[in-house]
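No hydrogens, no waters, no symmetry mates; every other heavy atom, side chains included, goes into these values.
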Amino acid sequence: MISAFKNFNLGRSVPKSVAIHGVLMAYTVIALFPILVVIINAFKERRAIFRDPLALPTMDSFTLVGFEQVLLRSDFGLYSWNSLVVTLLAVGLVLLLGAMAAWALTEYKFRTNLLITFLFAMGIMIPIRLGTVSILRLMVDLNLVNTLTALVLVYIAQGLPLAVYILSEFIRTIPKELKEAARCDAVSEYKIFFCIILPLLKPAMATVAVFTMIPIWNDLWFPLILAPGEETRTITLGVQQFVGQYVTDWNSVLSALTMAIVPVLVLYTIFSRQLIRGLTSGAVK
């Protein structure tokens, strides 16, 4: 009887598992399809791009002219460096400040605890772009327009609410006995956070890093408004110079986008194992 019941449940779970994996595979194909199209067409001549955009490059259509134009006609190295500096600084500060804020809000009880938590929740629900005019006015008053500092500050404010929420959920799963044992040994609160709590947050911090990094790297809105100067352009803004009102150099655009994808893939590969651990260990609920 028990064996038959187990076989019945197994027979029901197999189609369910196949359906779940089918949905996940379909989502993966949909998500990766635009990226593959961009990469494929970056190595094709202009006529081949419009003739058959889904075809692979052949001996007749293969070309590297787009990459040559990007490297010769634009300061792509500077744009990449600007994007890398802004992304790494913003993500690093979001992780540090987010972890500290999450620790304070979950570990200590004070009068404005609920209010601060509510404000961070509002930061998730309300897009930061709604305050673009006020942000621009503030940056003008601070004399930070056309500086990378302006972008870093905006991206920190953009990424902190989600970081605090994710890290708070993860901190709540850490056993209280671990913290109390450290306090019994007269360990300071700073040492408890930096030496005990912070190492345990690595999976969750990897999750936050990926969720924060990609929107910053791909953003065009704030670089266009706050840092449009030649010396402060990011990759996404630098690509726009190949898009004209009447003529667009699609070889250069697709080649620049392909080159811009590479750093994101490298960083994602570095954090992928920690990301999976963070997602499966309860960092996101």
Residues sharing [X]'s hydrophobic cluster, by side-chain heavy-atom contacts under 4.5 Å among ILVMFWY, directly or via others?
X	answer
Leu24	Ile20
Leu237	Leu220, Leu224
Val29	none
Val37	Phe33, Leu54

What distance do [X] atom [atom1] and [Y] atom [atom2] have between them, rounded to the nearest 0.5 Å?
X	Y	atom1	atom2	answer
Ile40	Asp52	CD1	CG	10.0 Å
Lys202	Phe170	NZ	CZ	12.0 Å
Met259	Phe76	CE	CZ	4.0 Å
Ile166	Ile124	CD1	CD1	8.0 Å
Thr234	Asn82	OG1	CG	7.5 Å
Leu167	Ile197	CG	CD1	12.0 Å

Honestly curious: do [X] and [Y] fall in one hydrophobic cluster under the side-chain, below-4.5 Å linking rule?
X	Y	result
Ile235	Ile39	yes
Ile35	Met213	yes
Leu160	Phe118	no
Phe194	Val164	yes
Ile214	Ile261	yes

- Of all residues at least two apart in sequence or in a different chain, which pass the side chain to side chain donor-acceptor pair (under 3.5 Å) check with Ser61?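 Side chain to side chain donor-acceptor pair (under 3.5 Å) check on Ser61 returns Thr58.
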- Task: Output all residues satisfying side chain to side chain donor-acceptor pair (under 3.5 Å) with Arg51, sequence neighbours left out; order by chain, then residue number.
- Result: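 For Arg51 there are no side chain to side chain donor-acceptor pair (under 3.5 Å) partners, ignoring immediate neighbours.
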Name each donor-acceptor pair under 3.5 Å that joins a side chain in residues 128-144 to protein atoms two or more places apart or in another chain, with its distance.
unit_1	atom_1	unit_2	atom_2	d
Arg129	NH2	Asp219	OD1	2.9
Thr132	OG1	Arg129	O	2.5
Thr132	OG1	Trp221	NE1	2.9

Report, as yes or no, whether the 6.0 Å neighbourhood of atom [atom1] on [X] holds more than 12 heavy atoms from other residues, nucleotides or ligands.
X	atom1	answer
Tyr190	OH	no
Tyr108	OH	yes
Met25	CE	no
Phe50	CZ	yes

If every non-hydrogen atom of [X] is compared with every non-hydrogen atom of [Y], which pair is closest and at what distance?
X	Y	answer
Thr212	Gly159	CG2-CA, 4.4 Å
Leu105	Asn113	O-ND2, 3.1 Å
Val239	Ala256	CG2-CB, 3.6 Å
Val154	Leu226	CG2-CD1, 3.6 Å

- Listed once per pair and sorted, the salt bridge (Lys or Arg N to Asp or Glu O under 4.0 Å) pairs that draw on residues 96-120, sequence neighbours left out: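 Output for this query lists Glu107-Lys179, Glu107-Arg183.
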Does any non-hydrogen side-chain atom of [Y] lie less than 4.5 Å from one of [X]?
X	Y	answer
Leu178	Leu200	yes
Val23	Tyr27	no
Phe43	Ile49	no
Leu56	Lys44	no

- With side-chain contact (heavy atoms from CB on, under 4.5 Å) as the test, would you mind laying out the steps for Asn146 and Glu231 before giving the verdict? CA-CA 8 Å; Asn146 273 331; Glu231 297 298 321; over 6 Å; no
- Query: Quick one: does Asn251's side chain have a donor or acceptor within less than 3.5 Å of a partner on Val65's backbone?
  - Reply: no
- Message: I'd like to know if the side chain of Trp217 reaches the main chain of Ala260, judged simply by a donor and an acceptor atom lying under 3.5 Å from each other, with no hydrogens or angles considered.
- Response: yes
Would you tabulate the side-chain donor-acceptor contacts of residues 85-99 under 3.5 Å, counting partners in other chains and residues two or more places apart, or write 'none'?
unit_1	atom_1	unit_2	atom_2	d
Thr87	OG1	Ser83	O	2.7

- Can you list every side chain to side chain donor-acceptor pair (under 3.5 Å) pair that touches residues 252-267, not counting sequence neighbours?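 Listed once each, the pairs are Asp249-Ser252.
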- Carefully, step by step, assess Tyr79 and Leu84 under the rule side-chain contact (heavy atoms from CB on, under 4.5 Å). CA-CA 9 Å; Tyr79 304 155; Leu84 188 63; over 6 Å; no
- Query: Among all residues two or more places apart in sequence or in another chain, which pass the salt bridge (charged side-chain N to carboxylate O under 4.0 Å, His left out) test with Glu230?
  - Reply: Arg233
- Query: Looking at residues at least two apart in the chain, or sitting in another chain, which of them share a ring-ring contact (aromatic ring centres under 6.0 Å, His included) with Phe120?
  - Reply: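 Checked Phe120 against ring-ring contact (aromatic ring centres under 6.0 Å, His included); zero matches.
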